[in-house]
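The structure under discussion appears below in the form of structure tokens.
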Amino acid sequence: MSKNLRRWGPGLLLLSPSLILLAIFVYGLIGWTVKVSLSDRHDALGSKGFVGLDNYVYLFTDDINDRFVHSLKNLTVFTVVFMAGTMLIGLLWAFLLERGVRAEGVFRTVYLFPMAVSFVASGVVWRWLMNPSTGERAGGLNAIFQSLHLEVLQSEWWTNPHWGMSAMAMPAVWQLSGYIMALFLAGFRGIPKELREAAAVDGASTFQMYRRVIFPQLTPVALSAVIIAGHMSMKMFDLIMSVSGPQWLTEVPAVYVWQALLTSDYAKAAAISVILLVVVAVVVVPYLVYTNRQEKRT
């Protein structure tokens, strides 16, 4: 016992402050949120009792105008467009930089710069760029298209009831594609030169080399990029609020939580938060299990 204490004691002592803070402010607050979601605390007067899963059932069955289901659909569209856009653009930029260009550092800086801008600031700019007005009141992109006599390209952007959430993903794609580019570029640079040389000696063309040798080596990087992008999109709040505000057309669960809190409906807000936590866990946990198994194999 004394040997184990001498062995593990100093490490546990150093980690104890972080473990205590983590237990209180992460897992403790998660537990408190779950508790509130199972109560009938729908106002500022406090909870009157335990209601089980009633709040969750209400969100999926009796919510006014299927508001929560509508927000989940919006989140799904936003996530799909955001992930597809960032993955394609990030991979394209990384591929071009990996092939070799002059002033590569300048291009990397340009691609990564949007990450340094806050979502609120970029949201304000994109709100102006995606001004849905046309004619004399046109602004942003619509004004540019109008001045170029390309009125056919003018759009309602985020106010379009059919693909408004797809337009809402554009600012997020612009802002985070550089981050995905950095991940893929690191993956390209991490591939051993011996693999490329061996493929060239075997007579592989450039297309065959990328298809058979290089791109398969990027699979772990691509998986990490998908998980990170998906996790970011599910928590998107400040960008959407900066562009559209609390609008029905662009409402996602994170915005719904904020509005529920404004009305002191703590039980509903907690239930939505727990559902979001479960959705994020479904995406992230399998990836963590996979990477842990891969590390043990190596």
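Sequence positions, counted from 1, serve as the residue numbers for this chain.
Taking OG1 from T250 and CD1 from I240, the interatomic distance works out to 6.5 Å, rounded to the nearest 0.5 Å. One distance of note links CH2 of W158 with CE of M130; it measures 8.5 Å at 0.5 Å rounding. From K235, atom NZ reaches atom CG of L277 across 10.5 Å, with rounding to the nearest 0.5 Å. The CZ atom of F188 sits 10.0 Å away from atom CG of L97, with the distance rounded to the nearest 0.5 Å. The distance from the CZ atom of R196 to the OG1 atom of T206 is 10.5 Å, given to the nearest 0.5 Å. Here the straight-line distance linking atom CD of Q259 with atom NZ of K268 works out to 10.0 Å at 0.5 Å rounding.
With hydrogens and angles ignored, the 3.5 Å screen pairs a side-chain donor or acceptor of Q146 with a backbone N or O of G135. Looking only at distances, no side-chain donor or acceptor of D63 sits under 3.5 Å from a matching main-chain atom of Y58. Without hydrogens or angle criteria, S244 side chain to Q247 main chain gives no donor-acceptor distance under 3.5 Å. Without hydrogens or angle criteria, Q175 side chain to M115 main chain gives no donor-acceptor distance under 3.5 Å. At distances below 3.5 Å, at least one donor-acceptor pair connects side-chain atoms of N160 with backbone N or O atoms of H162. Formation of a donor-acceptor pair under 3.5 Å by the D40 side chain with backbone atoms of V51 is not found in this model. Side-chain atoms of N131 come within 3.5 Å of backbone atoms of S133 as a donor-acceptor pair (strictly under, hydrogens ignored). Counting only distance, with no hydrogens or angles, the side chain of N142 and the backbone of S155 share a donor-acceptor pair below 3.5 Å.
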After noting the C-alpha distance and the side-chain angles of I228 and Y179, does the key distance pass the side chain to side chain contact (heavy atoms under 4.5 Å, CB included) rule? CA-CA 10 Å; I228 294 172; Y179 178 73; 3.6 Å; yes
Derivation of the side chain to side chain contact (heavy atoms under 4.5 Å, CB included) call for L92 and M181: CA-CA 8 Å; L92 176 62; M181 178 272 297; over 6 Å; no
Give the C-alpha distance, both sets of side-chain angles, the deciding distance and a yes or no for side chain to side chain contact (heavy atoms under 4.5 Å, CB included) between M234 and M232. CA-CA 6 Å; M234 292 178 189; M232 288 180 175; over 6 Å; no
Could you walk me through whether I180 and L91 pass the side chain to side chain contact (heavy atoms under 4.5 Å, CB included) check? CA-CA 7 Å; I180 303 300; L91 178 60; over 6 Å; no
Could you give me the CA-CA distance, side-chain angles and deciding distance for Y287 and S224, then say whether side chain to side chain donor-acceptor pair (under 3.5 Å) is met? CA-CA 8 Å; Y287 168 73; S224 299; 2.7 Å; yes
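For the pair W174/S122, a side-chain contact is recorded, criterion being any heavy-atom separation below 4.5 Å from C-beta on. Side-chain contact between T219 and L223: absent, with no pair of heavy atoms (C-beta onward) separated by less than 4.5 Å. Counting heavy atoms from C-beta outward, L195 and Q217 have side chains that approach closer than 4.5 Å. In this structure, the side chains of M168 and V243 come closer than 4.5 Å at one or more pairs of heavy atoms. The closest side-chain heavy-atom distance from W126 to M170 is below 4.5 Å. At a threshold of 4.5 Å between non-hydrogen side-chain atoms, the residues P253 and L72 count as touching. By the 4.5 Å heavy-atom criterion applied to side chains, F215 and I191 are not counted as neighbours. Between I275 and F68 the shortest side-chain heavy-atom distance falls below 4.5 Å.
One finds no salt bridge joining E98 and R108 here, because no Lys/Arg side-chain nitrogen approaches an Asp/Glu carboxylate oxygen to under 4.0 Å.
Residues V255 and V120 fall into different hydrophobic clusters, defined by Ile, Leu, Val, Met, Phe, Trp and Tyr side chains chained together at heavy-atom separations under 4.5 Å. Hydrophobic clustering of Ile, Leu, Val, Met, Phe, Trp and Tyr side chains at less than 4.5 Å, counting indirect connections, keeps L22 apart from I24. Under the 4.5 Å side-chain heavy-atom criterion for ILVMFWY residues, a single connected hydrophobic cluster contains both W93 and V226. There is a path of hydrophobic side-chain contacts, each under 4.5 Å, that joins W128 to F145. Connection of I227 to L88 is not established within any shared hydrophobic cluster, with ILVMFWY side chains joined at heavy-atom distances below 4.5 Å, either directly or through further cluster members.
Note: F119 and F237 fail the aromatic proximity criterion, with ring centroids not under 6.0 Å apart.
Here the closest heavy-atom approach between residue N55 and residue A267 is recorded as ND2-CB, 3.6 Å. The heavy-atom pair separating L38 from G52 by the smallest distance is CD2-O, 3.1 Å. When all heavy atoms of Q208 and S205 are compared, the pair lying nearest together is OE1-N, 3.0 Å. Nearest heavy atom pair, residue T33 against residue S273, reads CG2-CB, 4.2 Å. In terms of heavy-atom proximity, G230 sits nearest to M83 at CA-SD, 3.7 Å. Between V81 and A169, the shortest heavy-atom contact is CG1-CB, 3.7 Å.
A 6.0 Å sphere centred on CZ of R189 holds more than 12 heavy atoms belonging to other residues, nucleotides or ligands. Atom CZ of R67 has more than 12 heavy atoms from other residues, nucleotides or ligands within 6.0 Å. Heavy atoms of other residues, nucleotides or ligands lying less than 6.0 angstrom from CZ of F25 number 12 at most.
At a cut-off of 3.5 Å, with distance as the only test, a side-chain donor of S37 or Y56 sits close to an acceptor on the other residue. Side chain to side chain, T263 and D265 fail the donor-acceptor criterion of an N or O pair below 3.5 Å.
Relative ring orientation between F82 and F78 is described as parallel, the plane-to-plane angle staying below 30° on a 0-90° scale split at 30° and 60°. The aromatic rings of H70 and W248 lie parallel to each other, their planes meeting at an angle below 30°, with 60° marking the opposite boundary.
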